[in-house]
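Down below is the structure, laid out as structure tokens.
For reference, positions follow the sequence shown, starting with 1.
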Amino acid sequence: MAVGVVVNAGGGKDYPGKLTMFVLFACIVAATGGLIFGYDIGISGGVTSMNPFLMKFFPSVYHKEQEAERNQSNQYCKFDSQLLTMFTSSLYLAALVASFFAATVTRVAGRKWSMFGGGVTFLVGAALNGAAKDVVMLILGRVLLGIGVGFANQAVPVYLSEMAPARFRGMLNIGFQLMITIGILCANLINYGTSKIKGGWGWRVSLALAAVPAAIIAVGALFLPDTPNSLIDRGYTDDAKRMLKRVRGTEDVEEEYNDLVAASEESKLVAHPWRNILQPRYRPQLVMAIAIPMFQQLTGINVIMFYAPVLFKTLGFADDASLMSAVITGLVNVFATFVSIVTVDRLGRRKLFLQGGTQMLACQIVVGSLIGAKFGFTGVAEIPKAYAAIVVLFICAYVAGFAWSWGPLGWLVPSEIFPLEIRSAGQSINVSVNMFCTFIIAQAFLPMLCRFKFILFFFFGAWVVVMTIFVALFLPETKNVPIEEMVLVWKAHWYWGRFIRDEDVHVGADLEMPSANGNGKVGAGKLGGMQ
Ligand code: BGC
């Protein structure tokens, strides 16, 4: 090992410096990008369960709903409208397209301008939505919000990873997810309040208030410092060194600075990161960049996040009780996220994935059975209060399982497994697959509920089985493994090892090569159980 370089147990080299207030504050401001994403996720379901909103924009859905109530007809289908789902899902399609453009802006202009642009686009979208006169204005506003999400989600995780000292990268990463869950909860609470507004314009307040988190990120971004990595990449080397000293709170940054310069030069050698990522030696990372966000969405979580009030209404809850139940699931979502913050570096990712998956599956089976037992296939039934409360309880347990497994890990794991030369391409794939699958679920859920009925819960349950087996077999443990040594984890894996040639296994020039048989940092002891 080179003199003066320490490889810590928590991840990466241990460069001199500490978690300064400066960097902490910068990361908190940047993480508010998650707040905006969360607000969007939480707001649409509540708004689409408000009668004045339905009456104004989706009268046919409103009449169908009233009909269902009067005639006790099929509960499963009362919200099935392509236009209504388009309102929810248009945002994700826009975000998917925007994230590709955002990758370029983030690289060429710097991370802060992507965040700023995202925030401003959000603001305009929120204004359009709050003032909407017809469906076109409504959907246009949501597309603008989606572009904002695309830019924010591309830039924020990159910004956090680059600003954070290596030892705190995991913690700050889950800060992004925490902000997402807080955004969802705020939206649920706001919906609960605005639904009580007598004049029938409460939905306008809900939609327009997206301007608050938008303004926070837009104004905040103006004051955010650029990351040293981005400054170096854009040729501002002196500024970069000054910034690095400031964020690390020490003058002793020479070594980290040199490593950043080397990393930047190395990544510039890769002319085609998109073609590069297709090489066999990157197969494990490529598969994970696609599978993890896809599976995250196939847990069915956004059925709850988008449609909890609609779902609870389907169960026969009154308007108010539906929104209140959504607030309860929102609270569970926030608090359960702390479980992962505390345990992720101790228990490891795999244990959380496996435990969370098992818990989600059990809850899906119970919820599907309870709903099936009452509604059957006809969708006609009165559900007693106590019965509905038990359903909500199991939905909460399901949300908790997600909130400490696939929620945070769906963003954390992809961000920590890519070697530098394919990191940006990998991150783009991760974001866009996530948005695409979110779009599909948002668009397909209501028609699926109408056709599959309670079987839908078993459908997502079956996917949870698949993804849990996938994790058990194919995802190696990455806790406490320095990013620069991650290739050893893949090389040591029983399946992925075959894709990586011996000559591809090299770690940073001044890092000690751990022994292959496991008494170094990456070894059988740590990786035991899935070798
Ligand atoms: C997912 C979102 C989801 C949220 C729920 C995030 O990690 O990407 O799709 O709505 O978690 O908390």
Side-chain angles (χ1 to χ4, degrees), residues 4-5 12-33 101-120 151-169 172-173 175-176 216-271 273 415 418-425 427-428 483-484 508-510:
V5 179
K13 288 180 191 173
D14 219 353
Y15 299 113
K18 48 188 185 278
L19 184 63
T20 57
M21 286 311 284
F22 181 73
V23 87
L24 190 65
F25 191 66
C27 286
I28 290 172
V29 173
T32 55
F101 293 100
T104 310
V105 176
T106 305
R107 184 166 46 82
V108 176
R111 288 77 174 116
K112 66 180 274 176
W113 294 113
S114 266
M115 289 186 235
F116 176 75
V120 170
F151 272 76
N153 279 21
Q154 175 71 33
V156 172
V158 173
Y159 185 90
L160 292 176
S161 299
E162 290 180 347
M163 277 311 231
R167 276 169 294 152
F168 300 98
R169 194 181 292 134
L172 289 166
N173 220 301
F176 177 62
I216 295 175
I217 186 73
V219 175
L222 284 180
F223 293 99
L224 279 180
D226 247 328
T227 67
N229 319 48
S230 173
L231 287 169
I232 291 171
D233 234 21
R234 290 180 292 132
Y236 303 110
T237 44
D238 290 346
D239 292 348
K241 194 178 253 179
R242 228 173 296 128
M243 183 55 69
L244 194 58
K245 288 179 181 166
R246 181 127 191 247
V247 297
R248 297 290 175 255
T250 170
E251 290 291 307
D252 185 11
V253 296
E254 203 58 36
E255 192 196 331
E256 183 172 7
Y257 176 79
N258 290 339
D259 283 356
L260 291 180
V261 171
S264 166
E265 273 161 13
E266 194 180 324
S267 72
K268 279 183 180 146
L269 293 179
V270 177
S415 83
F418 302 120
L420 184 71
E421 62 273 21
I422 55 161
R423 203 166 285 160
S424 66
Q427 177 66 7
S428 294
I483 288 178
E484 296 85 348
D510 42 17

*How long is the gap from NZ on Lys245 to OG1 on Thr20, to the nearest 0.5 Å?*
15.0 Å
_Asp226/Arg234 under side-chain contact (heavy atoms from CB on, under 4.5 Å): CA gap, chis, key distance, verdict_ = CA-CA 11 Å; Asp226 247 328; Arg234 290 180 292 132; 2.5 Å; yes
_Euclidean distance, Phe116 CZ relative to Leu222 CG, rounded to 0.5 Å_ = 4.5 Å
_If I compare all heavy atoms of Ala155 with all of Ser114, which pair ends up nearest, and what's the gap?_
CB-CB, 3.6 Å
*Between Gly33 and Ile217, which heavy-atom pair has the shortest distance, and what is it?*
N-CD1, 3.8 Å
*Leu244: what forms a side chain to side chain contact (heavy atoms under 4.5 Å, CB included) with it, not counting sequence neighbours?*
Pro228, Val247, Arg248, Val253, Glu256, Tyr257, Leu260
*In Å, rounded to the nearest 0.5 Å, how long is the span from CD1 of Ile216 to CD1 of Ile28?*
12.5 Å
_Non-neighbouring partners of Lys112 that pass salt bridge (Lys or Arg N to Asp or Glu O under 4.0 Å), sequence neighbours left out_ = none
_For a quick test of reading the model, state the closest non-hydrogen atom pair linking Leu160 to Leu172 and the distance between them._
CD1-O, 3.8 Å
*Got a sec, which residues hit salt bridge (Lys or Arg N to Asp or Glu O under 4.0 Å) with Arg246, two or more places apart in sequence or on another chain?*
none
_Give me the atom names and distance for the closest heavy-atom approach of Tyr159 to Pro225._
OH-O, 2.8 Å
*asked:* Using 0.5 Å steps for rounding, measure from the CD atom of Glu162 to the CG atom of Asp233.
replied: 8.0 Å
*Hey, mind stepping through Phe176 and Val156 against side-chain contact (heavy atoms from CB on, under 4.5 Å) and telling me if it holds?*
CA-CA 8 Å; Phe176 177 62; Val156 172; 3.8 Å; yes
*Could you walk me through whether Phe22 and Met243 pass the side-chain contact (heavy atoms from CB on, under 4.5 Å) check?*
CA-CA 11 Å; Phe22 181 73; Met243 183 55 69; 4.0 Å; yes
*Mark yes or no for whether Thr32, through its side chain, and Val29, through its backbone, hold a donor-acceptor pair below 3.5 Å.*
yes
*Kindly compute the distance separating NZ (Lys241) from CD (Glu254), expressed to the nearest 0.5 Å.*
3.5 Å
*Rounded to the nearest 0.5 Å, what separation is found between the CZ atom of Phe101 and the CZ atom of Phe151?*
8.0 Å
_Minimum heavy-atom distance between Gly175 and Ala31, given as atom pair plus value_ = O-CB, 4.4 Å
